[in-house]
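For reference, positions follow the sequence shown, starting with 1. Only this structure's heavy atoms are used, side chains among them; waters, hydrogens and symmetry mates stay out.
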Amino acid sequence: MLLHQILNQIYELCQKHHIEFKIVTLTESEKTTQTFYYCKHQNIPIFDISLPLPSEKYSHLPYDIHPNAVAHQHFAKEMIRFLKRDFEL
């Protein structure tokens, strides 16, 4: 998958320059699941905070498929948890 090749290149570039590279997934899909397991297999740090998007609960349907305030609150809460865990805050 092209995405996996790109992620590998970014990961290698980050390692070369001593930059921490982490991935966060936001949407539930087959591609997200494949990427999650690929990154785990390649030891690329990945954190899954996926939501079923688009959905009436987490997006502005029927007018817009983008995440709404409820989704963004979920993302923010989970990202804080992820960062606190990784940086031992």
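- To the nearest 0.5 Å, atom OG of residue Ser50 and atom OH of residue Tyr58 are 11.5 Å apart.
- With no hydrogens or angles considered, no side-chain donor-acceptor pair links Gln34 and Tyr38 at under 3.5 Å.
- For the pair Phe75 and Leu51, the minimum side-chain heavy-atom distance is below 4.5 Å.
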**Request:** Report the C-alpha distance between His4 and Gln42 in whole Å, list the side-chain angles of each, state the deciding distance to 0.1 Å, and finish with yes or no for side chain to side chain contact (heavy atoms under 4.5 Å, CB included).
**Result:** CA-CA 10 Å; His4 297 167; Gln42 297 296 318; over 6 Å; no
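- Side-chain contact between Val24 and Leu26 is present, with heavy atoms from C-beta onward closer than 4.5 Å.
- Atom SG of Cys14 is separated from atom CD1 of Ile44 by 10.0 Å, given to the nearest 0.5 angstrom.
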**Request:** Start with the C-alpha distance between Glu30 and Thr33, add both sets of side-chain angles, then the distance that settles side chain to side chain contact (heavy atoms under 4.5 Å, CB included), and finish with yes or no.
**Result:** CA-CA 5 Å; Glu30 184 177 329; Thr33 301; 5.7 Å; no
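- Atoms CE and CD, on Met1 and Gln5 in that order, are 10.5 Å from each other to the nearest 0.5 Å.
- Between the CG atom in Leu13 and the CD1 atom in Ile19 there is a gap of 6.5 Å [rounded to 0.5 Å].
- Judged by distance alone, the side chains of Thr32 and Thr35 never bring a donor and an acceptor atom under 3.5 Å apart.
- Put simply, the side chain of Glu28 does not reach to within 4.5 Å of the side chain of Leu53, judged on heavy atoms.
- Under 3.5 Å, the side chains of Ser59 and His66 contain no donor-acceptor pair of N or O atoms.
- For Tyr37, the OH atom sits in a loose shell: 12 or fewer heavy atoms of surrounding residues, nucleotides or ligands are nearer than 6.0 Å.
- Nearest heavy atom pair, residue Lys57 against residue Val70, reads O-CB, 4.0 Å.
- Using cut-offs of 30° and 60° on the angle between ring planes, the pair Phe47 and Phe82 is parallel.
- Distance check: Ile10 CD1 to Asn8 CG gives 9.5 Å after rounding to the nearest 0.5 Å.
- Counting heavy atoms from C-beta on, the side chains of Leu7 and Ile23 come closer than 4.5 Å.
- Within a 6.0 Å sphere centred on NZ of Lys22, other residues, nucleotides and ligands contribute more than 12 heavy atoms.
- Here the CD-CD distance, from Glu20 to Gln15, works out to 11.0 Å after rounding to the nearest 0.5 Å.
- Taking every heavy atom of both residues into account, Leu61 and Glu56 meet most closely at CD1-N, 3.8 Å.
- Residue Leu83 is not grouped with residue Ile46 when hydrophobic side chains (ILVMFWY) are merged at heavy-atom distances under 4.5 angstrom, including chains of intermediate members.
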